[in-house]
Structures are given as C-alpha cells and as structure tokens.
Amino acid sequence: MSEKTRHGNFFEDFRVGQKIAHATPRTLTEGDVALYTALTGSRFATSADTFAHSIGFPRAPIDDLLTFNMVYGRTVPDISLSAIANLGYAIGRFGHPVYPGDTLSADSTVIGLKENSDGKTGIVYVRSCGVNQRGQIALDYCSWFMVHKRDPASPPPETVVPELPTAVAAGDLRVPTGIRIEQYDTALSGSTDLWNDYEVGECIDHVDGMTIEESEHMMATRLYQNNARLHFNQQAATTGRFGRRLIYGGHILSLARSLSFNGLANAFSIAAINGGRHVAPAFASDTIYAWSEVLEQLIVPGRNDIGALRLRTVATRDQPCADFPYQTADGRYDPSVLLDFDYTVLIPRRE
Amino acid sequence: MSEKTRHGNFFEDFRVGQKIAHATPRTLTEGDVALYTALTGSRFATSADTFAHSIGFPRAPIDDLLTFNMVYGRTVPDISLSAIANLGYAIGRFGHPVYPGDTLSADSTVIGLKENSDGKTGIVYVRSCGVNQRGQIALDYCSWFMVHKRDPASPPPETVVPELPTAVAAGDLRVPTGIRIEQYDTALSGSTDLWNDYEVGECIDHVDGMTIEESEHMMATRLYQNNARLHFNQQAATTGRFGRRLIYGGHILSLARSLSFNGLANAFSIAAINGGRHVAPAFASDTIYAWSEVLEQLIVPGRNDIGALRLRTVATRDQPCADFPYQTADGRYDPSVLLDFDYTVLIPRRE
Amino acid sequence: MSEKTRHGNFFEDFRVGQKIAHATPRTLTEGDVALYTALTGSRFATSADTFAHSIGFPRAPIDDLLTFNMVYGRTVPDISLSAIANLGYAIGRFGHPVYPGDTLSADSTVIGLKENSDGKTGIVYVRSCGVNQRGQIALDYCSWFMVHKRDPASPPPETVVPELPTAVAAGDLRVPTGIRIEQYDTALSGSTDLWNDYEVGECIDHVDGMTIEESEHMMATRLYQNNARLHFNQQAATTGRFGRRLIYGGHILSLARSLSFNGLANAFSIAAINGGRHVAPAFASDTIYAWSEVLEQLIVPGRNDIGALRLRTVATRDQPCADFPYQTADGRYDPSVLLDFDYTVLIPRRE
C-alpha cells in the first residue's frame with residue numbers, strides 16, 4: 001500500500017491547539033442548489049431570487065444546511081475519515097450568507113482530547129470554520145468524534161474537555177445585513193404563522209414522510225465531497241456491523257429541515273446550531289418523519305420585526321410523529337428516533 | 001396535530017371564482033436544466049445556447065415541460081395535495097419563453113365544481129397560470145382533480161362544469177418573438193424531417209425504452225417542489241391501494257417527450273397542451289416506451305417558415321410500441337397505456 | 001415502424017474518409033458540474049474557482065473526463081448506437097480548457113474499416129473531435145467499435161487499419177495557457193506529493209470503494225446525452241446476454257479518476273488519453289475500486305514547474321486493490337478488472 005494514500009487520522013495524530021487547513025475548497029453554484037432541492041425537497045421561499053430580494057437579500061442565499069454540509073464535507077478527510085462515531089455538535093453560528101459563486105474553504109482547530117477507558121479509542125473535539133473567498137466567516141461550529149488509537153499502547157494525552165454552552169445566546173445570533181420584513185408576503189412563503197403565533201412547549205408534527213434510496217444519500221454525500229467510506233461501499237459494509245451502507249447524518253438533518261417547512265414555513269433562516277446528536281444510524285429504505293418542539297421564543301436584540309425560535313427537531317424512521325416520539329421515562333431515546341437537533345431559526349415577528 | 005401544519009384542501013374549501021396565489025416562487029437555473037437532462041435524457045438541440053441563438057432565442061430556453069412541471073409543482077399544496085386523482089388537462093398555452101434566472105410564480109382560479117354521485121368526493125376544475133418576475137405569462141392551462149369532501153353530509157355546491165375546447169386553435173399558438181429559421185441546421189438538430197415531411201394519421205414508434213428507478217422519479221418530483229405524499233412515502237404506500245409509491249404523472253410526460261426526439265427531433269418547442277390524461281399509474285421498475293400520431297398539420301398564421309403539428313403521444317409501460325398500442329374496439333385503453341397526451345409542437349417548414 | 005426513427009448505423013454505412021457532424025450541441029454548465037460531483041465524488045482542487053484562479057485558470061475548468069464523456073455522448077447516435085462493443089481508445093489529446101457556458105459540438109471522421117472473419121460484423125475506427133463555440137478544439141481522440149453488418153452478404157470494404165501510436169508524445173501535451181504553479185497550495189490540493197515524488201513502476205492503491213446504483217449510471221449517461229439503449233432498458237436487457245443494464249464505460253472511467261484523488265491529488269489535469277480498454281462489463285451493485293501504476297515520468301518541454309506522469313489506472317469490481325490485480329501470467333486480465341486506462345496527467349514539479 002502506497003504511502004501516498006491517505007487513510008485518515010488516528011487519535012494520536014491530534015493535539016490540542018492544532019489547526020488543520022482542509023483540502024479542496026468548494027465553489028457553491030446553482031447546480032448544487034438544484035441538486036439540494038431534488039434530494040431534500042426543500043421549499044422555503046427564500047430559495048427564490050424574487051422572494052429573497054423582497055426581504056433584503058441581494059439574491060437567493062444558499063440553504064443554511066447546504067452550507068453546513070459543505071463545510072462539514074471539507075473536514076472529513078482530516079477529522080472523521082476513520083471516525084467510529086460523530087458524537088455531537090455545539091455552538092454553531094451562521095455568519096455571512098453564502099451565495100452561488102462563493103467558494104468556501106474550511107479549517108478546524110482541535111479544542112479537546114480525551115482517551116476512552118478502553119485504551120483503544122479517544123474523543124477529539126474540534127471547532128470548524130467555513131470562510132468565503134473574501135475571508136468572511138460563513139459558519140463555525142464545534143463537534144466531537146470517537147476515533148481509533150493507532151496503537152493501544154501509546155500513552156494517553158492530557159485530558160482536555162472543552163466547556164461548550166448548551167445554546168447560542170440571542171445576542172450572538174446574526175441577522176444577515178439588510179434584511180427587512182415590510183414586504184414579507186405570507187401567501188408566497190406558504191404560511192401566515194409568524195414568531196408571535198408560536199409558544200414555548202408547542203409541538204408540531206411535520207406530517208410528511210420521505211423514503212430514502214441508496215443513490216440519493218450517496219449523491220448528497222458526494223455532492224458535499226464527504227468521502228467517509230461507510231457511506232459508499234456496500235461490499236465492505238456487507239461484512240461490517242450493520243451490513244449496510246450508513247446514511248450520512250447531515251442528509252437526515254437536511255431532510256428533517258425540509259419536512260419542517262410544513263409547520264415552520266416562515267423560519268426563513270437558521271441562525272444557530274445549539275446542539276445535535278445522531279441518535280441512531282439510518283439506512284436506505286427508511287422513511288423519515290419529523291416533528292419539532294418550540295424550546296424558546298427569543299427576542300433578537302435591536303429587531304422588533306424579526307424574532308428567533310429555539311427549536312428541537314426530532315427525526316424518526318418508519319414512525320409517523322403525531323405522538324411526538326422522543327425519549328422514554330428513563331431518558332432513553334425511542335427506538336424510532338434518528339436525530340435530536342437543537343437549533344435557532346429566524347422568523348418574522350409582528351410588532 | 002398542530003393546526004400550523006397543512007394537510008391540503010377538501011372539496012368544500014373550493015368555490016367557483018376563487019383565486020389562489022401559490023407559495024414558494026421558483027427561480028429556474030442551469031442546475032435545474034442539468035437535472036432535467038439527467039433525469040429525462042432530453043436531446044432537443046434548442047437546449048444548446050449556440051443552436052438556440054442561431055434560431056433567434058437569446059439563449060437556450062428552459063424545456064417547455066420543465067416549465068410545465070415547475071408551474072404544476074407550485075399548485076400542488078393548494079389544489080392536489082390530497083387529491084384522489086388528476087383527471088385531465090386542457091387548453092394549455094405556452095407564452096413567454098422561460099430562461100435560466102427567471103422566477104416563476106403561480107396562481108390558480110377555480111372554474112368549476114361538481115360533486116360526485118357518491119356524495120363523498122367532488123371534481124374541482126382550475127385554470128392555473130405561471131408568470132415570470134416581470135409578470136409575463138409563461139404558461140396557462142386548465143386541469144381537474146377528484147378530491148375528498150371533508151364531510152359527506154355537507155351540501156353540494158351548484159354544479160359548474162366549464163366548457164373547455166378540445167384543442168388550442170392555430171391562431172392562438174404563440175411563436176416566441178424573434179424566432180427565425182433561415183440558419184436552422186438539420187445536422188445539428190438530429191433529423192432532416194420538417195413540417196412538410198409529416199402527414200396526418202402518420203404514426204411514429206419512438207423505439208427506445210427507459211426503465212425508471214425510485215430515486216429518479218422522486219428527485220424529479222422534489223425538483224419541481226411537488227410535495228404530493230403518495231410519491232415519496234413507501235411506508236404509507238405499503239398499506240395503500242397499490243403498495244408502491246406512485247410516479248408523478250409529469251415525469252412520464254417528460255420521459256415521453258424525451259423519447260419522442262427519435263422521430264420528432266425538429267419539434268423544437270411545445271406551443272400548446274390540448275388535452276392529456278394519465279390513464280394508469282406508473283411505478284418504479286416500469287420501462288417506458290412511447291409512440292406518436294400526427295393528428296393535425298396546422299398552418300401558423302403569418303409564418304411560412306414554421307408550422308405546427310398536433311400530436312397524440314402515447315406512453316406505455318413494459319410494451320414496445322411498434323404496434324402502436326392505444327385503445328381496444330370498445331374504447332378502453334390497452335392495459336399497457338399510461339399516458340394519452342394531445343399537444344401541439346412548432347417545427348420548421350419548407351416553403 | 002416509421003422511417004423517421006433512427007436506429008443507428010450498420011457497418012455498410014461507414015466509408016473511410018467520411019466525416020459525420022453529430023447532432024445536439026451541448027452547453028456545459030455549473031449544473032453539469034454539480035451533477036458530475038454528485039455522481040462521481042470528484043475532489044480535485046481545480047474544481048474550486050479560487051484554487052483554479054490561483055494557478056492561472058480564469059475560473060474552475062470543466063473536469064476533463066466530463067468533457068470526454070460529453071464529446072463521446074455526441075458521437076453515440078451516429079457511431080455506436082447499435083455497436084456490439086467499444087473496443088478501445090487511442091491518441092486522445094485535451095486542448096483548450098472548457099468552462100461553464102461553453103458549448104461543445106462534435107464530429108467524427110472514419111479512419112479505418114475492417115470486416116471480421118465471421119462476415120457478420122466489422123470494426124469501425126473513428127477520430128472524434130469536440131470543439132467549443134469559438135471553434136477551438138477541446139478534445140480529439142480515436143476509438144474503434146465492433147458493429148453489425150446490415151446484410152452478411154454485402155461485400156467487405158477494403159481493409160484499412162490505422163496506425164495509432166501507443167502514447168501521445170510529451171511534446172504533444174498541451175499545458176493550458178497561463179498556468180503557473182508558484183502559488184500552488186498543497187494544503188488545499190490535498191497532498192504534498194508532486195511530480196518528483198513519484199517513480200516509474202510505483203503502484204498506488206486508491207483504497208476507497210464505490211458501489212454503483214442503477215439510477216446513478218443512468219443519470220450520468222443521460223447527462224451526457226449518450227442514448228445507447230443497453231444502458232437504460234431493463235425490460236429488453238432481461239432477455240439479453242447479461243440480463244442487466246450495462247453501465248456506460250465512461251462512468252467507470254470517471255469513478256476511477258475520482259478514486260485516484262487518494263494518491264494522485266495533485267494530478268490537476270488530464271493532458272492525454274494514450275489508450276483504454278473496457279475489459280469487462282459493469283453492472284449496478286458492483287463496487288468499484290482502482291489502483292494506478294506510474295508508467296513514465298515525462299518532462300514537459302519548456303516547463304520546469306510542471307511535469308507529466310503517464311499512468312495506468314485499473315478499475316476493478318468487488319476487488320480491493322492492495323495487491324494490484326491486473327493480468328495473469330498468460331496475459332489475461334484478472335476477472336475483477338473492468339478498465340485498463342493509459343493516460344497522461346499534468347502535475348506540479350519542484351525544480
């Protein structure tokens with residue numbers, strides 16, 4: 001096997017403070033947008049140039065989760081190519097909107113390391129950042145992964161576990177420059193429900209179900225240039241733990257957000273990712289459903305026309321969500337739950 | 001279940017004269033065009049900027065049926081989300097060509113209502129219209145659907161059944177502004193057969209067959225943001241009437257038109273949809289074939305360089321079309337027939 | 001069956017010296033690029049506008065094999081629609097880079113004919129050329145096909161077998177105008193291995209495996225508007241030799257090149273196709289692997305900053321390539337081998 005080939009990093013390859021510039025910058029285009037629509041069914045009205053322009057965007061911005069998946073894709077060869085599991089996300093903030101023609105580059109900084117008690121694996125915490133061709137930050141977020149040690153006998157590093165806030169504070173949410181809501185058209189957006197119409201604790205069943213095919217999740221994952229092997233190689237998977245190709249968790253995230261249009265049509269922008277967990281693996285032929293709970297109703301400082309909702313969106317497999325499946329009394333997840341996603345959206349607000 | 005979620009309209013929700021502005025305008029892009037090509041295999045030469053320009057288009061226009069499917073997609077959440085069946089199309093006219101970068105919005109007007117004798121369902125007739133960002137009409141057409149009543153006990157509305165002409169008259173066909181045929185290159189278009197070479201009653205077998213996969217019809221349907229549930233949810237379908245996800249009829253329409261290139265390569269533009277019927281449902285793994293009959297050879301007023309052909313294109317499943325399968329003596333459709341489509345194309349004419 | 005339908009050419013339809021202008025010019029767009037990425041997973045850094053610009057391209061060029069597949073697709077209706085087999089490629093040279101917005105037209109010239117001893121088939125040799133809208137050559141290459149005779153009784157033509165060089169000479173390789181390597185960033189390109197780091201005879205296992213779905217190869221092949229029937233029609237295939245739809249060989253080519261990123265990340269451009277053979281047919285559910293051998297380390301005349309590597313890339317099915325499967329002692333291919341591709345790449349060179 002040639003040493004020219006990359007096999008991903010092991011636990012010993014990371015050190016706290018290390019900064020990794022990721023390869024293959026990505027120019028996002030209208031082609032990526034079309035594929036994202038075809039693969040997820042997203043219907044938010046800001047995807048149309050006219051609607052986006054009417055609320056102050058120069059044109060339709062790239063869907064926030066398309067941006068997320070593109071930035072995540074950059075990090076995979078260095079961070080998670082051989083990871084055992086993606087354990088979670090925290091404190092993700094969307095910054096400058098991304099438009100077709102922009103090129104995103106990404107880097108990651110190691111902010112924590114902790115060897116597991118088995119001596120064979122460890123957890124790597126990173127802060128990843130996607131910047132456009134002008135150096136403006138489009139997104140930064142933290143995530144952590146379980147990775148193999150190269151050598152179980154190697155000594156453990158000093159344990160550093162970063163303190164990560166449970167949510168992005170309202171004052172840290174960024175409303176894109178120039179956004180104004182006076183001409184916001186709720187006939188075109190698909191719903192008359194604005195910030196004022198939601199209340200904390202309200203649960204919304206997004207009703208629709210979407211069955212996933214192998215080619216769909218692989219096309220999405222390749223679009224993001226995420227090359228983690230377990231998504232693509234059925235021959236290797238056949239002898240593996242699940243016997244199947246695993247669906248990239250970011251595809252489930254995108255499907256859940258797209259399904260949430262039915263009930264949250266005016267949540268035109270994601271401002272923050274507070275936390276997220278891929279609770280169980282998803283496979284082709286799973287039918288994905290989703291529901292959301294309003295966790296907080298946030299005032300955006302300086303804006304009385306736009307508010308924020310902190311949401312929990314839960315995605316399930318093969319389980320309609322009229323009963324809001326989540327956790328059982330002992331805190332375990334219902335077996336149907338795939339995703340537990342805590343994020344903050346911007347939504348127009350009546351004065 | 002939250003009242004914020006939309007479940008589609010019932011028969012009682014429609015009244016004659018009602019005008020519905022549909023949500024989520026759609027900016028069409030080169031990305032949509034690429035996906036349309038990848039999903040249908042369309043090969044008409046006007047898809048190339050150079051060829052389109054040589055005949056007077058400023059650049060390659062959006063394929064007429066991509067426009068149709070996009071407009072139709074807008075209407076689904078309001079008109080047919082819970083429809084039992086799409087019963088037909090009539091008097092569709094293509095107007096201003098659509099180009100990448102244009103944004104289409106759509107509205108529908110209810111033009112007829114008729115409760116069925118079972119008292120549980122009714123038929124809704126609508127005229128739908130797609131307009132670009134400058135307010136120019138790209139397409140209007142009539143269609144009708146069978147929908148459920150919310151309450152079988154509710155009184156029937158006054159019956160209004162619109163008189164719809166069986167075909168768009170030659171004088172109502174629009175040739176896009178600026179089209180000229182002097183430089184039309186039949187080597188590049190793929191055929192030397194022009195208007196003069198066809199005759200009424202002539203039947204053309206389009207020969208090729210195309211097998212459909214689940215991911216393909218779902219990607220096409222999501223691209224159009226048509227969210228009708230029966231196309232996407234295998235779990236719900238399993239206990240339904242067919243046990244399978246239904247393929248959106250517009251995908252069959254697009255495949256039939258693409259297959260028709262082989263025999264109708266110079267039919268560079270669809271000017272009208274006279275009528276159409278989805279005769280039977282299609283499912284993944286069906287192999288689609290098509291054949292066409294020339295119904296009328298129309299003179300376009302004021303043009304001796306471009307003529308029109310009124311065509312019937314029939315799509316079948318799992319049945320090659322050398323024998324032109326259509327109807328049996330008693331007027332029933334051959335069991336292989338999926339689509340019976342009556343439309344009018346523009347085609348160069350030798351003087 | 002109407003004579004308006006095309007069924008492809010037979011052996012008798014070709015004569016040496018004949019020049020065929022192919023139909024349906026193709027405007028390449030960012031949409032095609034997005035689909036190519038989603039279908040192949042290509043990760044070469046020149047796909048980003050910023051990186052491409054940093055080495056002297058005005059923007060990201062179209063992937064060389066996307067160009068190849070697009071040119072090849074033009075030729076199919078005239079050359080290989082009914083071909084029994086694509087037998088090989090030779091002396092392919094990439095010329096002017098292709099950018100989104102360019103339109104490629106293609107023509108082919110018959111350069112050889114040889115009837116087979118069975119009297120029922122023959123071999124047609126062609127030189128095909130893809131040119132952009134300004135008449136600049138993007139690619140030319142030779143290929144040969146086995147095709148049926150229409151009538152076994154027809155007399156054989158004079159045998160003409162062209163002398164084709166086994167490789168494009170270093171002096172005939174074209175480095176795109178304006179390319180400069182001073183700012184080449186090996187962190188962004190994904191590898192520090194440059195021309196100087198490879199040696200003749202070195203073999204590189206590209207490690208990753210990619211399982212192909214039916215919809216993926218059909219979407220790719222339709223994107224190229226390659227309408228060869230055996231790729232699309234499962235109903236006809238069921239009674240055919242393989243019982244399955246055949247995967248277009250160009251899709252395997254593209255997958256092999258994409259996989260080769262892992263080990264050849266700096267091979268930013270393909271300059272020549274020296275030869276190629278589709279050794280065995282590929283089918284959906286095959287998992288594709290690849291490895292490469294460095295055949296020659298070429299100096300590009302006049303450039304001490306860019307060198308060329310002549311490579312053999314071998315693609316296999318269901319066979320990881322750590323042992324470099326190729327040919328057995330008697331010169332037969334290992335049964336896992338699908339593709340034997342001999343080509344020349346450009347790669348930065350340290351002085």
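Just so you know, these numbers use all the heavy atoms, side chains as well, and skip hydrogens, waters and symmetry mates. Everything numeric in this text was worked out from a predicted model, so none of it was measured. So you know, we letter chains A, B, ... as the sequences are listed, proteins then strands, and number each from 1.
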If you round to the nearest 0.5 Å, how far is CG of C:D49 from OG1 of A:T103?
5.0 Å

What distance do C:Y36 atom OH and A:R222 atom CZ have between them, rounded to the nearest 0.5 Å?
12.0 Å

Name the region of [X], side chain, backbone, both or neither, that has any atom closer than 4.5 Å to a heavy atom of chain C.
{"X": "A:R245", "value": "side chain"}
{"X": "A:P100", "value": "neither"}
{"X": "A:R26", "value": "both"}

Check whether [X] reaches the backbone of [Y] with its side chain - one donor and one acceptor, N or O, closer than 3.5 Å.
{"X": "A:K4", "Y": "C:H206", "value": "no"}
{"X": "C:E213", "Y": "A:E214", "value": "no"}
{"X": "C:T211", "Y": "A:F232", "value": "yes"}
{"X": "C:N262", "Y": "A:R6", "value": "yes"}

A:F283: what forms a ring-ring contact (aromatic ring centres under 6.0 Å, His included) with it, not counting sequence neighbours?
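Testing A:F283 for ring-ring contact (aromatic ring centres under 6.0 Å, His included), a comparison that skips the adjacent residues, returns A:F242.
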
Best-contacting candidate, [options], against chain A by heavy atom pairs under 4.5 angstrom:
{"options": "C:T186, C:L39, C:D286", "result": "C:L39"}
{"options": "C:R43, C:M219, C:M210, C:E30", "result": "C:R43"}
{"options": "C:A265, C:G190, C:A60, C:G209", "result": "C:G209"}
{"options": "C:S258, C:A38, C:A48", "result": "C:A38"}
{"options": "C:L264, C:T192, C:T287", "result": "C:T287"}
{"options": "C:G31, C:G263, C:A45", "result": "C:G263"}

Could you please spell out the steps behind the side-chain contact (heavy atoms from CB on, under 4.5 Å) verdict for A:T5 and C:I204?
CA-CA 7 Å; A:T5 304; C:I204 304 162; 3.7 Å; yes

Under 4.5 Å to a heavy atom of chain A? For C:D197 that would be both

Go through the atoms of C:I212 and report whether side chain, backbone, both or neither lie under 4.5 Å from a heavy atom of chain A.
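C:I212 has no heavy atom closer than 4.5 Å to chain A.
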
Identify the two heavy atoms, one from [X] and one from [Y], that lie closest to each other, and give their separation to 0.1 Å.
{"X": "C:F44", "Y": "A:T24", "answer": "O-CG2, 4.2 Å"}
{"X": "C:T50", "Y": "A:T27", "answer": "N-OG1, 4.4 Å"}
{"X": "A:Q235", "Y": "C:P320", "answer": "OE1-CD, 3.9 Å"}

With a 6.0 Å cut-off (strictly less than), is the heavy-atom count around CZ of A:R134, excluding the residue itself, greater than 12?
yes

Taking atom CG of C:D323 as the centre, report whether more than 12 heavy atoms of other residues, nucleotides or ligands fall under 6.0 Å from it.
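Counting neighbours around CG of C:D323, 12 or fewer heavy atoms of other residues, nucleotides or ligands fall under 6.0 Å, so no.
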
Quick check: do A:N233 and C:Y289 have side-chain heavy atoms less than 4.5 Å from each other?
yes

Tell me, out of A:L35, A:I20, A:D32, who's got the most heavy-atom pairs with chain C below 4.5 Å.
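Heavy-atom pairs under 4.5 Å are most numerous for A:L35.
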
Under the side-chain contact (heavy atoms from CB on, under 4.5 Å) criterion, do A:T29 and C:V33 qualify, and how do the steps go?
CA-CA 9 Å; A:T29 70; C:V33 171; over 6 Å; no

